[in-house]
Peer 1: 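Here it is, the structure in full.
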Amino acid sequence: MRVGVLALQGDFREHAAAVGALGAEPVLVRTAADLAGLGALVLPGGESTTMGNLAERFGLFEPLRSAIAGGLPTLGTCAGLILLAAGTTGPSVQPQLGMLDVTVERNAFGRQVDSFEADLEVAGLPGTVRAVFIRAPWVARVGEGVEVLASVDGHPVMVRQGKVVGTSFHPELTGDLRVHRLLLDMAGEH
Ligand code: GLN
């Protein structure tokens with residue numbers, strides 16, 4: 001299976017490695033043509049304003065939106081979650097895809113120095129998932145039809161709506177591939 005990783009900015013290499021470790025073929029997505037023939041898609045962590053602006057400049061915004069709206073299973077991590085969301089708290093300064101009916105609060109846990117790790121209980125996964133939070137957002141509003149899969153101190157940090165999953169944390173950094181496995185499982189049903 002070919003799994004696209006948006007490769008404009010951020011830690012797309014780590015995601016490509018995670019996808020490859022699960023036996024899928026990572027495809028670095030930089031143009032609309034790269035979206036052809038994908039079984040799933042990853043939007044990486046990084047800086048969501050930059051990523052959104054680059055996606056617009058590269059003519060990728062509408063193609064991404066229609067691919068995801070067409071049912072392409074998609075995982076967005078951290079900045080990727082922000083890109084997928086419908087809005088942000090506070091003034092809107094960035095393009096967003098609106099493919100997850102949530103409002104996110106950027107940098108909600110604090111600044112770079114407040115980055116942290118936690119063992120998270122994730123609905124549907126046994127045990128806990130080691131989660132790395134780096135200037136992470138949390139989900140401030142959850143729309144109808146959006147399932148909360150994990151929270152920290154009552155704030156949702158992993159959500160799912162249909163075949164779109166967003167995490168505030170970075171599953172690509174720990175070697176625990178279960179979140180990427182979830183994406184590939186959704187793709188198997190696709
Ligand atoms: N703070 C970044 C943003 O708002 C996200 C950080 C990350 O992806 N680790 O875009």
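Note that the coordinates shown come from a computational prediction; the quantities given were computed from them, not determined experimentally. Both counts, for ligands and for their atoms, begin at 1 and track the order of listing.
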Peer 1: Please enumerate all residues that pass side-chain hydrogen bond (donor to acceptor under 3.5 Å, both in side chains) together with Thr88, with sequence neighbours excluded.
Peer 2: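 For Thr88 there are no side-chain hydrogen bond (donor to acceptor under 3.5 Å, both in side chains) partners, ignoring immediate neighbours.
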
Peer 1: Restricting to salt bridge (charged side-chain N to carboxylate O under 4.0 Å, His left out), what partner residues turn up for Arg178, sequence neighbours left out?
Peer 2: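 For Arg178 the salt bridge (charged side-chain N to carboxylate O under 4.0 Å, His left out) partners, ignoring immediate neighbours, are Asp176.
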
Peer 1: Test your reading of the model: is there a side-chain donor-acceptor pair from Asp114 to the backbone of Arg111, 3.5 Å cut-off?
Peer 2: yes

Peer 1: Show your reasoning for whether side chain to side chain contact (heavy atoms under 4.5 Å, CB included) applies to Ile82 and Gln96.
Peer 2: CA-CA 7 Å; Ile82 298 168; Gln96 286 176 284; 4.0 Å; yes

Peer 1: Is a salt bridge present between Arg106 and Glu47, judged by a nitrogen-to-oxygen distance below 4.0 Å?
Peer 2: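 Looking at Glu47 together with Arg106, the answer is yes, because their closest N to O distance falls below 4.0 Å.
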
Peer 1: In a simple table, one pair per line, please give the protein and ligand 1 atom names for every N or O pair closer than 3.5 Å, along with the distance.
Peer 2:
residue: ligand 1; atom: 1 (N); partner: Asn107; partner atom: OD1; Å: 2.7
residue: ligand 1; atom: 1 (N); partner: Arg135; partner atom: O; Å: 2.9
residue: ligand 1; atom: 4 (O); partner: Arg106; partner atom: NE; Å: 2.7
residue: ligand 1; atom: 4 (O); partner: Arg106; partner atom: NH2; Å: 3.0
residue: ligand 1; atom: 8 (O); partner: Gly46; partner atom: N; Å: 2.9
residue: ligand 1; atom: 8 (O); partner: Gly46; partner atom: O; Å: 3.1
residue: ligand 1; atom: 8 (O); partner: Ala79; partner atom: N; Å: 3.0
residue: ligand 1; atom: 9 (N); partner: Ile134; partner atom: O; Å: 2.9
residue: ligand 1; atom: 9 (N); partner: His170; partner atom: NE2; Å: 2.8
residue: ligand 1; atom: 10 (O); partner: Ser48; partner atom: N; Å: 2.7
residue: ligand 1; atom: 10 (O); partner: Ser48; partner atom: OG; Å: 2.8
residue: ligand 1; atom: 10 (O); partner: Arg106; partner atom: NH2; Å: 3.4

Peer 1: Go through the structure and list residues passing salt bridge (charged side-chain N to carboxylate O under 4.0 Å, His left out) with Arg135, not counting sequence neighbours.
Peer 2: none

